[in-house]
There are 2 protein chains.
Amino acid sequence: MFGGVIPNRPFRPQPATARDKLLEAAVRLVRAQGFSATSVDQLCLEAGVTKGAFFHHFPSKEQLGVAAAQYWSRSTGEFFASAPFHHEADPAVRVLGYIDLRIALISGPAESFSCVAGTMLQESFATSAAIRDACAASIGANARALEDDIAAALAARGLVEPRAVSLARHVQTVIQGAFVTAKALPPEAAAPAARESLGHLRRYVELLLSEEPSLAA
Amino acid sequence: MFGGVIPNRPFRPQPATARDKLLEAAVRLVRAQGFSATSVDQLCLEAGVTKGAFFHHFPSKEQLGVAAAQYWSRSTGEFFASAPFHHEADPAVRVLGYIDLRIALISGPAESFSCVAGTMLQESFATSAAIRDACAASIGANARALEDDIAAALAARGLVEPRAVSLARHVQTVIQGAFVTAKALPPEAAAPAARESLGHLRRYVELLLSEEPSLAA
DNA sequence: CCAAACATACCGACCGGTCGGTATGCGTCA
DNA sequence: TGACGCATACCGACCGGTCGGTATGTTTGG
């Protein structure tokens with residue numbers, strides 16, 4: 001890969017402070033068992049810090065959840081922002097390049113490639129507005145990062161339908177869905193199935209962007 | 001709608017026994033706040049039964065989760081099995097009819113149209129094999145119910161790619177993803193966004209099944 | 001020397017689960 | 001017919017343990 005990162009979780013800094021260690025632990029545990037099933041004690045154990053350190057850095061478990069979503073959003077956002085597909089001249093190629101990169105990042109068991117924001121969103125959207133908003137911002141940022149390229153690609157084909165914002169959201173929807181249904185399969189089948197769904201998404205985008213303008217009318 | 005059912009949650013029987021009341025309460029609460037964030041006491045309160053009744057019918061909270069997934073799978077399965085789109089002659093129309101029905105069922109806030117199996121799967125796949133398997137069976141049954149129609153529609157167009165099993169799974173993936181990303185939006189925007197993503201799925205299936213055989217080669 | 005960065009000990013509320021007991025319905029046999 | 005025996009359905013107080021959170025040190029870097 002590029003930038004010397006670890007495929008599934010880019011931009012993984014050596015966690016130095018107790019705060020960083022807790023955020024890293026939160027990413028691992030939330031992916032594996034969700035947020036509410038993860039206790040503060042468990043987070044401290046996984047991070048190798050004590051409870052005092054936890055509540056020194058975070059006023060509550062909920063605030064750690066918010067911070068974890070932001071940490072996740074920032075590190076993944078930086079990773080995708082620095083990906084080489086942005087240098088492609090054709091916006092359609094950039095869009096497909098993003099999807100190909102997402103496919104390439106999927107490997108191993110489900111908990112190693114699933115999305116922290118999506119997982120937390122699902123269980124916290126009704127119980128914690130702060131966590132919901134942080135997760136929504138993370139997924140929304142991913143969609144927005146795609147929107148301009150999609151808009152340019154659609155415009156280049158003379159298409160007014162679908163709207164770029166809608167298609168960008170759809171891309172994130174399929175990615176999130178792939179993470180969910182992957183968890184229904186045995187570990188060794190999870191990644192291939194998720195990649196296959198993203199393959200369908202890729203084909204859809206390809207069909208849209210290779211469509212003859214006459215067919216779109 | 002058909003059969004005199006309630007749109008979002010078909011085949012809702014008048015819950016008579018404490019067991020049924022608990023399963024109905026589980027559907028509501030799990031949709032809203034997930035499984036592990038829902039306590040046994042809360043389930044009893046919502047169902048209007050006592051804790052004694054709970055553990056009379058279920059040996060553990062985990063087993064209630066399994067039963068809730070099966071209850072969900074059975075009631076939704078019966079609903080989709082009895083839907084009128086099955087009477088269409090063209091298998092492609094049946095497939096699109098299924099997607100259209102799924103779109104029609106999406107309304108109101110996210111917790112009123114989201115999937116119990118998908119929600120529980122996400123948080124329990126690593127902590128409870130029994131719940132994971134029950135949820136996986138529910139989603140798998142939905143995919144399998146589509147597979148024959150998809151296979152027939154693809155065969156009628158002379159397509160060997162994609163495989164029917166893969167496309168059937170993809171349909172479920174997009175549906176699950178739509179439920180997740182809907183939760184990132186304010187309640188009034190959730191349903192329209194979810195419908196829009198299923199609209200993209202519908203367009204993809206349409207593009208596939210209306211594709212000229214020459215293009216597929 | 002003092003704040004920031006931790007560690008330790010502890011709290012009350014709530015968790016899933018247990019247990020002794022009651023109400024009710026049904027088959028059975030004198 | 002009716003009273004007995006027994007299973008099912010349900011009740012609610014209670015248990016040990018874990019939960020998120022707090023109070024109070026102790027260490028450490030500037």
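Residue numbers start from 1 in every chain, and the chains themselves are labelled A, B, ... in the order their sequence lines are given, proteins ahead of strands.
- Across A/L146 and A/A168, no two heavy atoms sit closer than the pair CB-CB, 4.3 Å.
- The distance from atom CZ of B/F55 to atom P of C/dC15 is 12 Å, rounded to the nearest whole Å.
- Cation-pi check for A/K61 over A/F35 is met; the charged atom lies under 6.0 angstrom from the ring centroid and within 45 degrees of its normal.
- In this structure, CD of A/Q63 is placed 14 Å from C1' of D/dG20, rounded to the nearest angstrom.
- Proximity of A/S39 to the phosphate of D/dT18: no side-chain N or O atom is located under 4.0 Å from OP1 or OP2.
- The phosphate of D/dC11 (OP1 or OP2) has no side-chain N or O of B/H56 nearer than 4.0 angstrom.
- Where B/A53 and A/S60 each meet DNA chain D at their nearest nucleotide, the meeting point lying more 5' is that of B/A53.
- Of the charged side-chain nitrogens involved, none lies within less than 4.0 Å of a carboxylate oxygen, so that A/R19 and A/E24 do not count as a salt-bridged pair.
- Contact annotation for A/T38: backbone-only contact, meaning every heavy-atom pair under 4.0 Å involves sugar-phosphate atoms and none involves a base.
- Atom CG of A/L43 and atom C1' of D/dG20 are 12 Å apart (whole Å).
- B/L22 has its CG atom 9 Å from the P atom of D/dC10, to the nearest Å.
- The base of D/dG21 is not paired with the side chain of A/K61 by any donor and acceptor separated by under 3.5 Å.
- Atom CG of A/L64 and atom C1' of D/dG21 are 14 Å apart (whole Å).
- OP1 or OP2 of D/dC10 lies within a sub-4.0 Å distance of a side-chain N or O belonging to B/H57.
- Among the nucleotides D/dG21, C/dA7, D/dA13, the one closest to any side-chain atom of B/K51 is D/dA13.
- If you measure from atom CZ of A/F54 to atom P of C/dC6, you get 14 Å, rounded to the nearest angstrom.
- For the pair A/Q176 and A/V171, the minimum side-chain heavy-atom distance is 4.5 Å or more.
- When each of C/dA7, D/dC11, D/dG20 is scored by its nearest atom to the side-chain atoms of A/T50, the top-ranked nucleotide is C/dA7.
- Side-chain contact of B/E123 with A/Q122: a donor-acceptor pair under 3.5 Å is absent, judged by distance alone.
- Closest-nucleotide positions on DNA chain D for A/V40 and B/V49 were compared, and the one nearer the 5' end corresponds to B/V49.
- At whole-Å resolution of the value, CZ in B/R19 and P in D/dT8 are 15 Å apart.
- If you take CG of A/L45 and C1' of D/dG20, they are 17 Å apart, rounded to a whole angstrom.
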